[in-house]
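Counting convention: from 1, in listed order, for ligands and their atoms alike. Both backbone and side-chain heavy atoms feed into the values below; hydrogens, waters and symmetry mates do not.
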Amino acid sequence: MANDTLVERPGQFVRERAIERRAASDVSYETFLEEYAAEGRPVIFEDSVPHWRALRTWTPEFFATNFADCDVHVTDGVSMRFGDFIDAVRRSTPQSPGPYLHKLIIEREIPALLPDVTPGNRFGFPGRLASPIMPKPWNRPDGYLKLLFGGPGARFPYPHYDGDNAYAVITGIYGSKEFLLFAPEDSAHMYPKPNSANVSLLEDVSRVDLSRYPRFAQAVPYRGAIGPGDAIFIPCRWWHAAQVPELSISVCTNMITAVNWRGFVNEVCRPQAGRSPARQFVKRMLLNGVGAVLSGAEGVQRSAPRSAGARLLNRLAPRYGDLA
Ligand SMILES: O=C(O)CCC(=O)C(=O)O
């Protein structure tokens, strides 16, 4: 591969790949689905949301001025006053990293922020999650839009891939953030937790003790960074780890489309300890039905997009733009 580079890790050399970058204006939504989503190919789209007011207004000062007294959900089991959180982020250094906020669903906790990121990033359009016929808890027209916020040295707490076989798009708004991605084929090299197959036992992929985790030496990292306006697309089942070099504010959405639907159904209906097989079977039947209806609607939208039928079906199977 032309963009392979050799990088040194303690004790060995590995091949590392740069994540492809494209100007967002050169890529239509359909091309994105065909060339990246369907192919499971990560990419960073540059200048993906020039219309977002957040790009001009969201700074640490903006949040400290307007939302200091809000209680925010920072990480698992930890909530803080937003003002105190921002103070801790400002004190964060690579040697002594502060907290990393990654649990704040914007619609639930600070809906006043929504107009600043609306209309959403088209590459992060939640697809079938936005359909009114999606059963709870997957009926999420906002794609679980989350705020991510951290200072130098902070990082997402664990390398993982997203649940529900979902894709993710993370859009940078302020500062920068670095990503290391690993393909699904590297799963065995990522040491999945025995009870949580999508979470790695490796805490920090940039500092792995290879004597404890020797298989990690065979994993091939894909490296990329996002700045304001850049959006990184993380295909389903791709492992990812995020690290903040300079104070970073970004947002994240999940997406389910026709392309990752089968994997979604298999994932959420898989046999699981503590779940009745009969219930999982009924759920599978229900989701298979929803999938068939949505595939039919999407077929009409594709073949006769301007017809009255397609316009009616847009309500059932929303398309980017219809929700704005
Ligand atoms: O911190 C990040 O950018 C990664 C976010 C992420 O992976 C997640 O929210 O699942």
Colleague: Against heavy atoms of Asp162, which atoms of ligand 1 measure under 4.0 Å?
Modeller: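 Those qualifying, in numeric order: 10 (O).
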
Colleague: Checking a contact table here: which protein heavy atom is nearest atom 3 (O) of ligand 1, and how many Å away?
Modeller: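 Going atom by atom, the protein heavy atom closest to atom 3 (O) of ligand 1 ends up being Lys177 NZ, 2.7 Å.
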
Colleague: Counting non-hydrogen protein atoms only, what is the nearest one to atom 7 (O) of ligand 1? Give residue, atom name and distance.
Modeller: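 Protein heavy atom at minimum distance: His240 NE2, 2.8 Å.
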
Colleague: Quick one about Ser200 and Trp239 (side-chain donor to acceptor, distance below 3.5 Å, no hydrogens or angles considered), yes or no?
Modeller: no

Colleague: So if I count the atoms of ligand 1 from 1 in the order they appear, which ones are less than 4.0 Å from some heavy atom of Ile170?
Modeller: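 Heavy-atom distances to Ile170 below 4.0 Å select 3 (O), 4 (C), 5 (C).
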
Colleague: If the threshold is 4.0 Å, N to carboxylate O, is there a salt bridge linking Arg21 and Asp230?
Modeller: yes

Colleague: Classify the angle between the aromatic ring planes of His160 and Tyr158 as parallel (below 30°), tilted (30 to 60°) or perpendicular (above 60°).
Modeller: perpendicular

Colleague: Could you tell me whether the side chains of Asp116 and Trp52 share a donor-acceptor contact shorter than 3.5 Å?
Modeller: no

Colleague: Where on Ile234 is there a heavy atom closer than 4.0 Å to ligand 1, on the side chain, on the backbone, on both, or on neither?
Modeller: neither

Colleague: Could you check atom 9 (O) of ligand 1 against the protein and tell me its nearest heavy-atom contact, residue, atom and distance included?
Modeller: Lys146 NZ, 2.6 Å

Colleague: Salt bridge or not for Glu298 and Arg128, using N-O below 4.0 Å?
Modeller: yes

Colleague: Say whether Tyr36 and Glu20, considering side chains only, have a donor N or O and an acceptor N or O under 3.5 Å apart.
Modeller: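 Yes.
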
Colleague: Are Phe182 and Tyr222 close enough that their ring centers fall under 6.0 Å?
Modeller: no

Colleague: Among all the protein's non-hydrogen atoms, which is closest to atom 10 (O) of ligand 1, and how far away is it?
Modeller: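 I find the closest protein heavy atom is His160 NE2, 2.9 Å.
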
Colleague: Which ligand 1 atoms are under 4.0 Å away from a heavy-atom of Tyr100?
Modeller: 1 (O), 2 (C), 3 (O)

Colleague: Which heavy atom of the protein is the closest neighbour of atom 6 (C) of ligand 1, given with residue, atom name and distance?
Modeller: Phe156 CE1, 3.6 Å

Colleague: With heavy atoms of Phe179 as the reference, note each atom of ligand 1 found under 4.0 Å away.
Modeller: 3 (O)

